[in-house]
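As the structure is a prediction and not an experimental result, all values here were calculated from the model. Within every chain, numbering begins at 1; the chains are lettered A, B, ... in the order of the sequence lines, protein sequences first and strands thereafter.
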Amino acid sequence: MGALRRRFRSWAGDPRFAVPGAGLLFGLMALPLMGPRRAAAVAAGVVALRLIALARLPERWHPVRGAGRAVERMRGVLPEPPPWVRAAVPWLFVGALAALSFALDPYTLDVATTAGIYALLALGLNVVVGMAGLLVLGFAAFYAVGAYTYALLNTQFHLGFWVCLPVGGALAALFGLLLGLPTLRLRGDYLAIVTLGFGEITRITLNNWDTVTNGPNGILGIAPPSLFGHPFVHPRHYFLLALAFVAASAFLLRRLDRSRIGRAWVAMREDETAAEAMGLPTLRLKLLAFAMAAFWGGVAGVFFAGKQLFVSPESFNFLESVMVLCMVVLGGMGSVPGAVLGALLLSFLPEVLRGVDQYRLLAFGAAMVLMMRYRPSGLWPEIHRYHEVEEGRRG
Amino acid sequence: MSVGGAQFAQQVVNGLAVGSVYALIALGYTMVYGIIELINFAHGEIYMIGAYIGTLAVAGLLALGVPLLPALGAALLAAAALTSLYGAATERLAYRPLRGSSRLAPLISALGMSIFFQQFVLLSQGAKDKIFPVEISSGGFSAGAVKVSYIQTAILAVAACLMVALDQFVRRTRMGRAMRCMAQDPVMASLVGVPVHGVVSLTFLIGSAMAAVAGFLIALYYGKVNYLVGYIAGLKAFVAAVLGGIGNIPGAMLGGLLLGVVESLAAGYIGGEYKDVVAFAILVVVLIVRPAGLLGARLPEKV
C-alpha cells in the first residue's frame, strides 16, 4: 500500500504522466455534458495549458498578470505631473466626453448612458465591498428600491425626477440601515449570504405584491426627467446627466476615500480586531458604509427608472448584483477609478463581442476566478491594496 | 385521523423527502466550512451537475438496453464519481491557490466558479428542462390518508444510509480523524503530519459525491432538471447548514430535515410563491438569535 502510494506520488509529480493525466481527467469530466468530440477538445486544451505553464513564459505574456502590468506601464510612461495637472486631468477627460457626445450616434450614447448607470452602481458597491471590506451580494435590492421609488411616486403622485432623486437615495439608505442593523455583527461570509437572501426577498416581494408593484408586469408610463422645464428627449441629454452624476460621485467618493472615515474603513477592512482595539466604532462605520453604498444604489435606480420609463422586477435579479460585483473586482476593490473602469469595460464588452454574446457570462465567471488568482488587486488598484497584495506576492 | 391532521402529516412526509435532499447538499457545505472556513458557493452548481450527469447516464444506459434498476444504480454511481471530480477540480483550481489571501478572495472566486458552471451547463445542454428518461410509477405505501411514494421512500433510505456511512467514516477511519483534526487546528494538523491538501481534496470529493446523489434523487423525484436548479437548492442547503450549526455534521442533517418540513408546511398553509422567502427568513432569524445554529457550540471567533 505504501509503495503504491509512493509510486502514485512520483507519477503525479512527473509531467510526462501528470500532463496527459490532467487532460484525460478533464476530458472525462466534460464527456457526459459535452459529448465526445468537444470533450476531446477540452482535454487537448487542458494539455496545452499545462504545457504552457511548464514552459515558464515571461510574466508579460500571462493573460491576466500581463494585462495588469500593461495598464501599469501605460501609467508609468507618463512623467509624474505637478499636482494641479493631476487634479485637472479627470475634469478635462469629463469635458472631452461631454464634447464628444455631440459627435456620437444615439445608439452609442444609449449604451454609454447604461454604462454610466453601472458606473454609479459600481461606485456605490465599491464603498461597502472595496473600502469597508464587507461582501454584499444583494446590491440590486437597493437599486430596485430607488427605481421603484421613482416609478411609484411619479405614476401615483406625479412627483418629479429631482424630488425623487434624494428620496429614492434616502429610502435605499434606510433599507441599508434596516438590513445592516441586525446583520452587521455577523462575520463576513455570513453577511454575504444574508444580503443575497435580502436581495432575493426584495425581488420576490416586488414580483408578488401585485396591488402596489403591479407584479411581474412592472410599472409603465413613468415621466422622463426634465431640467428647467425642458423634458429629456434625446439620448444625449441622458448621457450628459449620467456623465455629470458619475463625475460628481467619483469626485466625492475619492475625497471620502482619503478622509478620516475612508482611512477608518481601510483599517477596519485590514484587521477588524485591531481597528476596534484602537477605538474605532466598527459597527457604526459598517452601518455608514452600508447606508452610503445603498444611497448610491438608490440614486442609480432612480436614474434607471427615469431613463427606461419602465421598471419590472426582472431588472433587479441576482445576476445584476453579480455583474456589479464583477465590475468592482475587475477594476480593483477599493479603487474609485477602478470601479468606473470596470463598469465601462463590462458594459461595452458585450457590444464589442457581438457574435459570441452567449459566452459572456461564462467568461465573467472565469474572469472572477482568474482575477482572484493572478491579480487580486484589480486592473486599476487602490494603492494600499496594490502594495499589500502584489508586492507581497513578489517579495 | 381528521382531514386537517392528514394534510399536516402529508406535508411533513413531503417535507422530509425534500429535506433529506437538502441535508445531503448541506453536508458538503458544512464539511468544507468545518475544514477550511470557506462557503463554497459553487456547491449548488455541483449538485446541479450531478443531476444532469445522472439523468444523461440513465438515458445512455437505457439506450444500451440495460434493465431499469441496474441502470439507475450504475447511473447513480457514475454521477457521484464524475461529479466528485468536478468538486475536487474546483478546489484545486479556484480555492487552493488562494489559501492565505484575504477572506474576500475565495468567496468571489467561488461565486465566479458558480456562474461558470451554470453557464457551462446552459451552453452544453441548453436552457430547456432535461426530462428524466423514465417515469417511475406513482405507487407507494399508504397509512390512512397519508401516502409515501416509492421515490420518497428511496430518497429517505438512500439519504439515511449515506448519512450513517459518513458519520462512521468521520468517526472511525484514519482519514476521518485527519478531517476532524484539520477542523480543530489546521496548522497543528499539518505539523503532526496530516496531509493537508489530501484531506481537503478528499473533503471536496465526498461532499460533491453527496451533492451528486442528492441531485440524482431530485431529478428522479421531479422528473426533470434545469441548469438553474443549483442556485436555489444551494442556497436552501446553506440555510440548512447554518440552521444546524455550520461545521457540524449532525447539525447539517437536522437542519436539512427541519428546513424541508418547515418549507413544505409554509407552502401548504401560506402559499407556494413565498416558499423561498421562508427559507431566507429562517436564515436571518437564526443568524441573529443563535448564530452558532441549533447544534453548534458557541465558539469565540478565531483571531
Side-chain angles (χ1 to χ4, degrees), chain A residues 25-26 28-35 38 129 133-135 137 179 182-183 185-194 196-198 200-201 204-205 207-208 269-270 273 318-319 322 325-326 329 333 358-374 376 385 388-389 393, chain B residues 33 37-39 41 49 52-54 56-57 60 78-79 82-83 85-86 89 93-94 97-98 101-125 231-232 235 238-239 242 246 271 273-274 276-277 279-281 283-284 287-288 291 301 303:
Chain A
L25 212 60
F26 278 88
L28 188 66
M29 277 160 59
L31 184 65
L33 289 168
M34 301 178 86
R38 287 194 282 174
V129 177
L134 305 165
L135 186 54
L137 292 179
L179 171 68
T183 54
R185 287 166 212 273
L186 302 171
R187 292 226 337 229
D189 20 21
Y190 285 120
L191 182 73
I193 299 274
V194 171
L196 199 164
F198 172 72
E200 280 300 293
I201 290 176
I204 296 170
T205 309
N207 226 349
N208 291 313
R269 176 186 80 198
E270 296 307 323
T273 317
F318 176 57
L319 222 51
V322 168
L325 182 66
C326 215
V329 168
M333 284 187 284
Q358 75 265 37
Y359 296 103
R360 189 174 55 122
L361 282 167
L362 191 78
F364 280 5
M368 282 166 87
V369 178
L370 291 174
M371 284 301 283
M372 282 300 112
R373 183 159 169 184
Y374 294 111
R385 189 178 284 262
E388 177 200 342
V389 181
R393 286 159 75 95
Chain B
Y33 193 88
E37 298 207 343
L38 164 76
I39 296 177
F41 271 111
I49 287 176
Y52 261 94
I53 294 182
L56 292 166
L82 277 176
T83 312
L85 289 182
Y86 272 90
L93 295 175
L98 300 178
S101 58
S102 73
R103 277 201 85 94
L104 226 54
L107 276 180
I108 290 171
S109 187
L111 196 62
M113 276 322 285
S114 156
I115 297 168
F116 181 85
F117 280 144
Q118 216 179 68
Q119 294 297 314
F120 168 65
V121 173
L122 168 66
L123 290 170
S124 58
Q125 294 292 317
Y231 165 57
I232 202 77
L235 274 178
F238 178 79
V239 174
V242 172
I246 193 146
E273 65 267 36
Y274 283 105
D276 296 345
V277 174
F280 293 125
L283 176 70
V284 175
L287 286 177
I288 293 166
E301 191 174 327
V303 181

For [X], is it the side chain, the backbone, both, or neither that has a heavy atom closer than 4.5 Å to a heavy atom of chain B?
| X | answer |
| --- | --- |
| Arg360(A) | neither |
| Leu325(A) | side chain |
| Leu31(A) | neither |
| Leu196(A) | side chain |

Locate the shortest heavy-atom distance separating Met372(A) from Leu98(B); write the atom from each residue and the value.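 For Met372(A) and Leu98(B), the tightest heavy-atom pair comes out as O-CD2, 3.1 Å.
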Heavy-atom donor-acceptor pair, [X] side chain to [Y] backbone, under 3.5 Å:
| X | Y | value |
| --- | --- | --- |
| Ser114(B) | Ala110(B) | no |
| Ser109(B) | Ala105(B) | no |
| Arg373(A) | Leu93(B) | yes |

Name the region of [X], side chain, backbone, both or neither, that has any atom closer than 4.5 Å to a heavy atom of chain A.
| X | answer |
| --- | --- |
| Leu235(B) | side chain |
| Phe117(B) | neither |
| Ala89(B) | side chain |
| Leu82(B) | both |
| Phe238(B) | side chain |
| Val239(B) | neither |

Leading residue by heavy atom contact count with chain B [cutoff under 4.5 Å; candidates [options]]:
| options | value |
| --- | --- |
| Arg38(A), Met368(A), Met34(A) | Met368(A) |
| Val369(A), Leu25(A), Val329(A), Leu362(A) | Leu362(A) |
| Ile204(A), Asn208(A), Ile201(A) | Asn208(A) |

Would you check if Ile49(B) and Leu33(A) make a side-chain contact, meaning some heavy-atom pair closer than 4.5 Å?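 When only atoms from C-beta onward are counted, Leu33(A) and Ile49(B) do touch, with a gap below 4.5 Å.
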Any side-chain heavy-atom pair of Leu361(A) and Leu319(A) under 4.5 Å: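 SC-SC contact between Leu361(A) and Leu319(A) confirmed.
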Could you list the residues that satisfy side-chain hydrogen bond (donor to acceptor under 3.5 Å, both in side chains) with Gln118(B), not counting sequence neighbours?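 With sequence neighbours excluded, Gln118(B) shows a side-chain hydrogen bond (donor to acceptor under 3.5 Å, both in side chains) to Glu45(B), given in chain and number order.
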Using a 4.5 angstrom heavy-atom cutoff, name the option from Tyr86(B), Phe41(B), Tyr52(B) with the most pairs to chain A.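 Greatest number of close heavy-atom pairs with chain A: Tyr86(B).
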I need the residue from Leu38(B), Val121(B), Leu111(B), Leu123(B) with the largest number of non-hydrogen atom pairs under 4.5 Å to chain A.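 Of Leu38(B), Val121(B), Leu111(B), Leu123(B), Leu123(B) has the most heavy-atom pairs under 4.5 Å with chain A.
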Check ring-ring contact (aromatic ring centres under 6.0 Å, His included) between Phe364(A) and all other residues, then give those that pass, not counting sequence neighbours.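 Phe364(A) satisfies ring-ring contact (aromatic ring centres under 6.0 Å, His included) with no residue once adjacent residues are dropped.
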If you apply the rule side-chain contact (heavy atoms from CB on, under 4.5 Å), what do you find for Leu56(B) with Gln125(B), and how did you get there? CA-CA 10 Å; Leu56(B) 292 166; Gln125(B) 294 292 317; 3.8 Å; yes
Please lay out, stage by stage, how Gln119(B) and Tyr359(A) fare under the test side-chain contact (heavy atoms from CB on, under 4.5 Å). CA-CA 8 Å; Gln119(B) 294 297 314; Tyr359(A) 296 103; over 6 Å; no
